[in-house]
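Proteins come first, then strands; the chains are lettered A, B, ... in the order of their sequence lines, and each starts at number 1.
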Protein chains: 2
Amino acid sequence: MAPSSTPRTPDPLTTEVVELIGTVVVRYHEEYDEAAARHSLTGAQARVLALLAREPLPMRRIAERLKCEPSNVTGIVDRLAARRLVERRPDPDDRRVKLAAVTPEGRATAERLRESLHFAREPLGRLSPAERTTLRDLLRRMLGEGSGEGFGE
Amino acid sequence: MAPSSTPRTPDPLTTEVVELIGTVVVRYHEEYDEAAARHSLTGAQARVLALLAREPLPMRRIAERLKCEPSNVTGIVDRLAARRLVERRPDPDDRRVKLAAVTPEGRATAERLRESLHFAREPLGRLSPAERTTLRDLLRRMLGEGSGEGFGE
DNA sequence: TATTGTTATACTCTATAACTATA
DNA sequence: TATAGTTATAGAGTATAACAATA
């Protein structure tokens with residue numbers, strides 16, 4: 001019967017920030033999937049392609065980056081390979097390992113995909129450089145040190 | 001042959017902010033799916049449950065919020081209904097419409113799900129209230145006015 | 001005729017378990 | 001024996017097309 005009810009909602013400020021972040025998450029995903037679809041790729045395929053555009057990776061490493069089981073990567077790479085965007089190469093150091101690597105065409109597709117991601121310019125364009133710097137610093141502090149795990153781009 | 005190459009990377013500051021946002025997106029989704037899994041729900045099921053915890057919705061409206069085809073909602077609601085978390089009700093105004101609504105048990109599950117979302121507290125806890133206010137204002141400006149489309153929570 | 005929800009179908013992503021070829 | 005990758009299988013989400021009931 002206390003005047004202030006149960007504290008299931010932390011505080012209005014934190015709640016609003018969390019909701020805003022939720023909106024960012026939804027918009028980011030929508031834009032990413034739309035950009036992928038424009039190249040006839042699923043979200044997972046686009047993410048793997050972007051990953052491999054940086055460096056060839058063993059199947060198992062791809063699974064780790066995607067946080068999924070290795071068996072799933074087989075199919076995703078199969079579908080990318082069927083379109084000649086990716087190929088499997090032997091690893092000279094360990095004959096069990098297969099390295100997935102982008103083909104020249106795959107690299108070009110990954111590049112066009114990256115360029116077609118509007119999210120970078122449109123919403124961020126509303127902020128001045130000083131504001132972007134402030135946002136960067138706040139996000140850095142929020143995410144902590146080892147924040148190297150992006151979306152593949 | 002100009003010294004500065006093609007402007008495919010907008011500028012380092014914007015690039016870093018986009019990468020940081022990508023990290024936020026990945027972490028948010030991971031935490032959301034983990035929280036859902038703790039309640040034996042998929043991400044889509046959890047999102048629909050959170051949506052319906054606010055108000056009953058026609059199947060078609062759910063599809064709009066999820067940005068998917070209405071035919072998909074049938075299955076998602078079927079699976080929630082099989083667990084008695086959601087039920088279908090007739091719409092008195094239009095007999096074509098079925099309103100999906102949470103049951104009392106569904107409401108309780110949605111509430112526990114919301115409480116178990118760590119993302120609100122942990123990373124945001126590293127920022128002072130003043131910093132959170134700054135972050136809120138920057139996100140507001142970035143997302144524009146009609147930013148009411150969150151993640152269902 | 002148009003709309004709401006459903007069914008049927010096919011594809012992709014997902015986890016689990018069993019298999020192979022290496023190590 | 002342990003590890004890397006694959007296959008087989010089953011469940012879930014997705015889009016498309018066709019359908020029944022209602023407007």
Visitor: Would the base of D:dT3 count as contacting A:R96 through its side chain, where contact means a donor and an acceptor less than 3.5 Å apart?
Guide: yes

Visitor: Check whether any side-chain heavy atom of B:L57 sits under 4.5 Å from a side-chain heavy atom of B:V48, and report yes or no.
Guide: no

Visitor: Rounded to whole Å, please give me the gap between CZ in A:R79 and P in D:dT14.
Guide: 16 Å

Visitor: Kindly say if B:R88 contacts the phosphate of C:dT6, meaning a side-chain N or O under 4.0 Å from OP1 or OP2.
Guide: yes

Visitor: Please determine, for the side chain of B:R95, which listed nucleotide (D:dA23, C:dT16, D:dG13) has the closest atom?
Guide: D:dA23

Visitor: Examine D:dG5: is either OP1 or OP2 under 4.0 Å from a nitrogen or oxygen in the side chain of A:T74? Give yes or no.
Guide: no

Visitor: Assuming nearest nucleotide by heavy-atom distance, tell me which of A:N72 and A:D94 is located more 5' along DNA chain D.
Guide: A:D94

Visitor: Any salt bridge (Lys or Arg N to Asp or Glu O under 4.0 Å) involving residues 66-84 of chain B? Give me the pairs, sequence neighbours left out, ordered by first then second residue.
Guide: B:D78-B:R88

Visitor: Taking the side chain of A:Q45 as heavy atoms from C-beta outward, which of C:dT12, D:dG5, D:dT14 is closest to it?
Guide: C:dT12

Visitor: Which nucleotide in the set C:dT6, D:dA4, D:dT14 lies at the smallest distance from any side-chain heavy atom of A:V97?
Guide: D:dA4

Visitor: Donor-acceptor pair, distance only, cut-off 3.5 Å: does the side chain of A:R141 make one with the backbone of B:R126?
Guide: yes

Visitor: Rounding to a whole Å, what distance do you find between B:L99:CG and D:dT22:C1'?
Guide: 15 Å

Visitor: Would you tell me if any nitrogen or oxygen in the side chain of A:K98 comes within less than 4.0 Å of OP1 or OP2 on C:dA21?
Guide: no

Visitor: To the nearest Å, give me how far apart CD (B:E69) and C1' (C:dT7) are.
Guide: 15 Å

Visitor: If you define the side chain from C-beta out and look only at heavy atoms, does anything of B:L41 sit under 4.5 Å from B:L80?
Guide: yes

Visitor: Any heavy-atom pair between the side chains of B:L52 and B:I62 that's under 4.5 Å?
Guide: yes

Visitor: Tell me: CG of A:D78 to P of C:dC11, nearest whole Å?
Guide: 15 Å

Visitor: Rounding to an integer number of Å, can you tell me how far B:D93 CG sits from D:dA23 P?
Guide: 10 Å

Visitor: To the nearest Å, give me how far apart CZ (A:R60) and P (C:dA15) are.
Guide: 13 Å

Visitor: Could you give the CZ-to-P distance, from A:R61 to D:dA4, as a whole number of Å?
Guide: 6 Å

Visitor: Please report, rounded to the nearest Å, how far the C1' atom of D:dA20 is from the CE atom of B:M59.
Guide: 16 Å

Visitor: Please tell me if B:K67 has a side-chain N or O lying less than 4.0 Å from either OP1 or OP2 of D:dT14.
Guide: no

Visitor: Can you tell which of D:dG13, D:dA15, D:dG5 lies closest to the side chain of B:I76?
Guide: D:dG13

Visitor: Quick one: the side chain of B:S71 and the base of D:dT16, do they pair up donor-acceptor inside 3.5 Å?
Guide: yes

